[in-house]
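A quick note: this is a predicted structure, and the numbers were derived from the prediction, not measured.
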Amino acid sequence: MGELIEHLREGLPAEAILTDPDVTRSYANDMASFCTAGAPAVVTLPRTVEQVQHVMRTATALRVPVVPQGARTGLSGAANAADGCIVLSLVKMDRILEIDPVDRVAVVEPGVVNAVLSRAVAEQGLYYPPDPSSWEQCTIGGNIGTASGGLCCVKYGVTAEYVLGLDVVLADGRLLKTGRRTAKGVAGYDLTRLFTGSEGSLGIVVRAVLALRPAPPQQLALAAEFPSVAAAGEAVRQIMARGHAPSLLELMDRTTVRAVNAMARMGLPESTEALLLAAFDTPDPAADLAAVAELCTAAGADQVVPAEDAAESDLLLQARRLSLTALEALRPATMIDDVCVPRSRLADMLEGTAEIARKYGLTIGVCAHAGDGNTHPVVCFDPADADEARRARESFDAIMALGLELGGTITGEHGVGVLKKEWLARELGPVGLEIQRGIKRAFDPLNILNPGKVLDA
């Protein structure tokens, strides 16, 4: 411990090194349930690339594991500390270095908060689409680490589609530059994509070049109330099959709607079995909403209510953003899944999840990015009740098994972390697992970068 701190002080200012156990303990974990976390030896808060390089050189020299962290809003345990590790918190590297309206790129440090970047580029008539529900707290570095998504993915895609280039500090402290800032570029292997979603297990992202888009028109939304999940699923199928391009297509099940009403008293229809929210940011969103309303009615919607203006639209979308917080209020703890299935199997996923909830005697609410099949079953439970906690864990595994059976994937945007390591092996298969372990060894031969996460070296 003494030798580690002495080495770190050679390249870091005193305020960038935290050793008080009461303080370092607060950096031990992210927001995931059922994920073990160790006690870090030290927390470092670098402000420059050179300081990150010093931390990694020290870690390599002393063979000390390093756990990179952002805002710790993650839901898979990817930012959880390991015993005796260096926590490398990047929240102090929070500068927007450049916004270029001609090349339509932003160059940022990893600690920039998503919402801060979004507002900054909006001032120049530009748009950074990825918008996780935690966008007011989560950082760009964390978004890149988990390849996160958001409500707009159905039209604009996930974080990985906006990362053009990266500066990455490798395990031994060398600085690697990947990608480009040009509109096109196919030189060499796509290392930028490899690092995006790697959860800090291959290198430390210290700078990112992000693609921007022109700001779209103000979107308008509608809400459609359905008597069954199957009817809502059919509406989603028809909306996508007819070639519509909504900027948002979200689904909330009955449990979620009631939870949001109980918390925020928003007056959502509690009699519904599924509430579908659709929005368009096209030049004529009212016409697009009218066409979608017809499809919803044909699929069996009891009621379709289009927003009359941007304020009403924002209110509907706020209800969706409150879903997780509202479900968290139902029981002392939650376990949040993000199984993604083909759009055509969305109703099967929700109906299967409801059956799992009945089987295990639990409250499980589901909200979903319906347009891309990414479901978020939220298991609500009391961790102080050993039997209920056991059932929660078993139901979580049953939900992931269901997702794979339906041709889906164990995570669409939250990442693997600690929570889903076992399930990653099942999804990849033995050959895929062998190849990925080989990649890990190539970048991190000492296995000091976020060890125990994603997969074992």
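Here the closest non-hydrogen pair linking A370 and L346 is CB-CD2, 3.7 Å. Listed here is the closest heavy atom pair of C85 and V67: SG-CG2, 3.9 Å. G200 and L449 make their closest contact through O-CB, 3.7 Å (heavy atoms, listed as atom of the first residue, atom of the second, distance). The minimum heavy-atom distance between D83 and G38, with the atom names listed, is OD1-CA, 3.2 Å. Closest of all the heavy-atom pairs between V292 and I239 is CG1-CD1, 3.6 Å.
For the atom pair OG of S247 and CG of D288, the computed distance is 9.5 Å after rounding to the nearest 0.5 Å. In this structure, L316 CG and E250 CD are separated by 12.0 Å, a value rounded to the nearest 0.5 Å. In this structure, CG in L251 is found 9.0 Å from SG in C367, a value given to the nearest 0.5 Å. In this structure, CZ in F396 is found 3.5 Å from CG in L419, a value given to the nearest 0.5 Å. A distance of 10.5 Å separates CE in M400 from CG in L424, rounded to the nearest 0.5 Å.
If you run side chain to side chain contact (heavy atoms under 4.5 Å, CB included) between T255 and each of L327, I364, V366, only L327 comes through.
In this structure, R72 satisfies the cation-pi test against Y27, with its NZ or CZ atom closer than 6.0 Å to the six-membered ring centre and inside 45 degrees of the ring normal.
T375 has its side chain out of reach of D337: every pair of non-hydrogen atoms, C-beta onward, lies at least 4.5 Å apart. The shortest distance between side-chain heavy atoms of R320 and T256 does not fall below 4.5 Å. A heavy-atom distance below 4.5 Å is not found between the side chains of L428 and W423. Counting heavy atoms from C-beta outward, L117 and I140 have side chains that approach closer than 4.5 Å. The closest side-chain heavy-atom distance from M56 to D172 is not below 4.5 Å. C153 has its side chain out of reach of N374: every pair of non-hydrogen atoms, C-beta onward, lies at least 4.5 Å apart. The shortest side-chain heavy-atom distance between L88 and I204 falls under the 4.5 Å cut-off. Put simply, the side chain of V209 does not reach to within 4.5 Å of the side chain of D167, judged on heavy atoms.
Between D100 and R181 there is a salt bridge, with a side-chain nitrogen of the basic residue lying less than 4.0 Å from a carboxylate oxygen of the acidic one. D338 and K420 are joined by a salt bridge, as a carboxylate oxygen and a charged side-chain nitrogen come within less than 4.0 angstrom of each other. Between E136 and R119 a salt bridge is recorded (basic side-chain N to carboxylate O distance below 4.0 Å). Salt-bridge check for D20 with R25: failed, with every basic side-chain N at 4.0 Å or more from each acidic carboxylate O. One finds no salt bridge joining D372 and R343 here, because no Lys/Arg side-chain nitrogen approaches an Asp/Glu carboxylate oxygen to under 4.0 Å.
N143 and T159 share no side-chain donor-acceptor pair at under 3.5 Å. A donor and an acceptor atom, one from each side chain of R213 and Y128, are nowhere located under 3.5 Å apart. Under the 3.5 Å distance criterion, with hydrogens and angles disregarded, no donor-acceptor pair is assigned to the side chains of E199 and T146.
T272 contributes no side-chain N or O that, together with a main-chain N or O of P269, makes up a donor-acceptor pair within less than 3.5 Å. With hydrogens and angles disregarded, a donor-acceptor distance shorter than 3.5 Å links the side chain of K453 to the backbone of A78. Remark: the backbone N or O of L166 is paired with a side-chain donor or acceptor of T178 at under 3.5 angstrom. With D444 contributing its side chain and I448 its backbone, the two residues share a donor-acceptor pair below 3.5 Å. Proximity of a side-chain donor or acceptor of T24 to a complementary backbone N or O of V42 within less than 3.5 Å is not detected. Distance alone, capped at 3.5 Å, is enough to place a donor-acceptor pair between the H54 side chain and the H7 backbone. A donor-acceptor contact shorter than 3.5 Å is absent between the side chain of T139 and the backbone of G111. A donor-acceptor pair under 3.5 Å is absent between the side-chain atoms of Q238 and the main chain of A235, judged by distance alone. Side-chain N or O atoms of T196 include one that pairs as donor or acceptor with a backbone N or O of T192 at under 3.5 Å. For the pair E413 (side chain) and G150 (backbone), a donor-acceptor distance under 3.5 Å is present.
Counting heavy-atom neighbours within 6.0 Å of R57 CZ, excluding the residue itself, gives a total above 12. The environment of CD in E308 is sparse: at most 12 heavy-atom neighbours from other residues, nucleotides or ligands sit within 6.0 Å. By the 6.0 Å contact criterion, CZ on R180 is enclosed, its count of non-hydrogen atoms from other residues, nucleotides or ligands being greater than 12. Remark: K92 NZ is loosely packed, at most 12 non-hydrogen atoms of other residues, nucleotides or ligands lying under 6.0 Å away.
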Under the salt bridge (charged side-chain N to carboxylate O under 4.0 Å, His left out) rule, what do D131 and R321 come out as? Steps first, then yes or no, please. CA-CA 11 Å; D131 62 341; R321 288 191 183 277; 3.0 Å; yes

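Annotation: F195 is in aromatic contact with F443 [ring centroid separation under 6.0 Å]. Ring centers of Y156 and Y127: under 6.0 Å apart, within the cut-off.
Between H414 and H376, the ring-plane angle classifies as parallel under the 30° and 60° cut-offs.
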